[in-house]
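Okay, so here's the structure we're looking at.
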Amino acid sequence: MGMDVDGYGFPSGERTIGRLISDIRTLSQLGVERVAEGWDRHGPVSGRWHEAEQAALHAIEEGRRGEMWDEVRRQLFGLTESGQALIVWQSEHGEVGHKAERAAYGAALALLAGDLLDRETAAVLTRPMGEALPWLNLESG
């Protein structure tokens, strides 16, 4: 694992699925709530969400990353919905948790599609999760 300037975690510019999963594991209840609020502000109401989601799924399929996407979805489900879900996600089970989970899936789609997506489409998918994880915001980097 790389190090940031404080000597732990990921380098500040690293935008990977591994970093996303790691950060999801450490989100607090407030973090999950911030992500859900981001979903309310930037998710489907943006008018581009479903189009961006379809573009990312198509890119993943065309880029032969389907098996990787299946594994990422399994990991996210394990963290947020399964019987062994993280306690914070269990405590936010319901509307807030589901909104945050959709935002996490969107960010994961964008990260996995990577260079197969244009910057704006990726930004649509990462914006809701970026409310709690600013490193996802393409506008700031």
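Residue indices begin at 1 and follow the sequence shown.
- In terms of modelled atom types and a separation under 3.5 Å, the side chain of R34 and the main chain of E131 share a donor-acceptor contact.
- For the atom pair E71 CD and L76 CG, the distance stands at 10.0 Å (nearest 0.5 Å).
- Rounding to the nearest 0.5 Å places CG of L136 at 6.0 Å from CG of L111.
- Here E61 contributes atom CD and W69 contributes atom CH2; the two are 13.5 Å apart, rounded to the nearest 0.5 Å.
- Here the shortest heavy-atom pairing between G63 and L116 reads CA-CD1, 3.8 Å.
- By the 4.5 Å heavy-atom criterion applied to side chains, L117 and L109 are not counted as neighbours.
- Between D118 and T121, the side chains place a donor N or O and an acceptor N or O closer than 3.5 Å (distance only, hydrogens not considered).
- Of all heavy-atom pairs between A108 and I17, the closest is O-CD1, 3.4 Å.
- Taking 4.5 Å as the limit, some side-chain heavy atom of P44 sits within range of a side-chain heavy atom of H50.
- A salt bridge is absent between E37 and K99; no separation between the charged side-chain nitrogens and carboxylate oxygens falls under 4.0 Å.
- The distance from atom CE of M68 to atom CD1 of I60, rounded to the nearest 0.5 Å, is 8.0 Å.
- Taking both residues in full, the closest heavy atoms of N137 and T126 are given as OD1-O, 4.4 Å, listed atom of the first, atom of the second, then distance.
- Rounding to the nearest 0.5 Å gives a distance of 8.5 Å between CZ of R64 and CD of E62.
- Between the side chain of R127 and the backbone N or O of G43, no donor-acceptor pair lies under 3.5 Å.
- Between L79 and R25 the shortest side-chain heavy-atom distance falls below 4.5 Å.
- Between A56 and A113, the shortest heavy-atom distance links the atoms O-CB, 4.2 Å.
- Taking the side chain as every heavy atom from C-beta outward, M129 and D23 never approach each other to under 4.5 Å.
- Rounding to the nearest 0.5 angstrom, the gap separating the NE2 atom in H98 from the CH2 atom in W39 is 12.5 Å.
- In plain terms, the two heavy atoms of W49 and H42 that are nearest each other are CE3-O, 4.4 Å.
- Between A110 and A122, the shortest heavy-atom distance links the atoms CB-O, 3.9 Å.
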